[in-house]
Undergrad: 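Once you've had a glance at the structure underneath, I'll fire off some questions.
Residue indices begin at 1 and follow the sequence shown. In this text, all values refer to a predicted model and were calculated from it rather than measured experimentally. First listed ligand is number 1; within each ligand, the first listed atom is number 1.
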Amino acid sequence: MSRKPVIAGNWKMFKTVPEALAFVRDIRQTIVGLEHVQVVLCPPFTALALMSDALRGSGISLGAQNVFWEDKGAFTGEISPVMLKDAGCSYVIIGHSERRQYFGETDEKVNQKIKAILGHALIPIMCVGETLDEREAGVTEKIVRAQTAAGLDGLAPEQVAQMVIAYEPVWAIGTGRTASDEDAQAVIAYIRDIVREQCGAAAAGNARILYGGSVKPGNTAGLMSKGDIDGALVGGASLKVESFAEIIKKTSEAKR
Ligand code: PEP
């Protein structure tokens, strides 16, 4: 089954609007002709609307880093799926480990958010992954099973087929440590098995499952040579045009 690879840049709380627009201007010139890879940029909320204008016609999609599940209401400080659509988003990162760790995001909230955004035809990028303690305790599979199963709970197979899931071992995020190509492939194949058990073969065959955690130009080709790894969620290396473009090029070569 052929799945279009995804390279998504998670900018976290980096870049002002002028910095974001300068990045868009440069990346548009750098990755011409790489339509084989779906590129997604996830800037801070403040840059979404103007980036949406700047990205028009580029083939690059826009994503948000979080969302609230209600459409509108008295929820001070929150942003709704309707507002993200309005700002030009097509993807939303849900359940990033930093949100789970610092903002009390539980599996139940992740599931609630996924249901809300699918209802507005936005594509979730659902993050799952174990901490270092959990990996050392040998419970990686148990953790990713629990997070994946809870995140997908109650979704229709056709919805899951459109989703993006990112396996991000927490110990590899922003640390310079990467899972080996083999370990990343093994956990991602395991996640695909969970999707198959819960949602059927078509959903498992179509959902894109990414690796995330210190992806850099130098480790991209190895990771992308693995059959179940459909791309990457990139943090630090997505902040510079040169490194992000290089990751996109290497993914395109590996998945051609
Ligand atoms: C991330 O934040 O999703 C991530 C993978 O970060 P980094 O690439 O910096 O490890």
Undergrad: Contact between K216 and ligand 1, counting heavy atoms under 4.0 Å?
TA: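 So K216 does not count as touching ligand 1.
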
Undergrad: In ligand 1, which numbered atoms sit nearer than 4.0 Å to a non-hydrogen atom of G236?
TA: 7 (P), 8 (O), 9 (O)

Undergrad: With a 4.5 Å cut-off on side-chain heavy atoms, are Q198 and L155 touching?
TA: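 No, every pair of side-chain atoms sits at 4.5 Å or beyond.
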
Undergrad: Testing the basics here: between V160 and C199, what is the closest heavy-atom pair and its distance to 0.1 Å?
TA: CG2-SG, 3.8 Å

Undergrad: So if I count the atoms of ligand 1 from 1 in the order they appear, which ones are less than 4.0 Å from some heavy atom of A172?
TA: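 Listed by number with element: 10 (O).
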
Undergrad: Check whether any side-chain heavy atom of H96 sits under 4.5 Å from a side-chain heavy atom of C127, and report yes or no.
TA: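 Yes, close enough: below the 4.5 Å cut-off.
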
Undergrad: Kindly assign one of parallel, tilted or perpendicular to the pair F23 and W11, based on the angle between their ring planes and the thresholds 30° and 60°.
TA: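 If you compare the ring of F23 with that of W11, the planes turn out perpendicular.
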
Undergrad: Within a distance under 4.0 Å of any heavy atom of G174, pick out the atoms of ligand 1 and give their elements.
TA: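 In order of number, 7 (P), 9 (O), 10 (O).
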
Undergrad: Using non-hydrogen atoms of the residue, decide whether A237 is closer than 4.0 angstrom to ligand 1.
TA: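 No heavy atom of A237 comes that close to ligand 1.
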
Undergrad: For the pair E246 and K250, evaluate salt bridge (Lys or Arg N to Asp or Glu O under 4.0 Å) and give the outcome as yes or no after the intermediate values.
TA: CA-CA 6 Å; E246 210 41 43; K250 289 199 181 319; 3.5 Å; yes

Undergrad: Before signing off on this row, confirm whether E98 and ligand 1 have an N or O atom pair separated by under 3.5 Å.
TA: no

Undergrad: On a heavy-atom basis, which atom in V144 and which in G129 lie closest, and how many Å separate them?
TA: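 Residues V144 and G129, closest heavy atoms: CG1-CA, 4.2 Å.
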
Undergrad: Show which atoms of ligand 1 fall inside a sub-4.0 Å distance from at least one heavy-atom site of S214.
TA: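 So the atoms of ligand 1 that pass are 7 (P), 8 (O), 10 (O).
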
Undergrad: Search all heavy atoms of A172 against all heavy atoms of A179 and return the closest pair with its distance.
TA: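 A172 and A179 have their closest heavy atoms at CB-N, 4.5 Å.
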
Undergrad: For ligand 1, which atoms, with element, lie under 4.0 Å from some heavy atom of L233?
TA: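 Listed by number with element, the hits are 3 (O), 5 (C).
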
Undergrad: Give the atom numbers and elements of ligand 1 that come within less than 4.0 Å of a heavy atom of G213.
TA: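 Checking each atom against G213, I get 5 (C), 10 (O).
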
Undergrad: Considering only non-hydrogen protein atoms, determine which one is nearest to atom 3 (O) of ligand 1 and report residue, atom name and distance to 0.1 Å.
TA: E168 OE2, 2.7 Å

Undergrad: Check for me whether S238 has a heavy atom closer than 4.0 Å to any atom of ligand 1.
TA: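 It does not; every heavy atom stays at 4.0 Å or beyond.
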
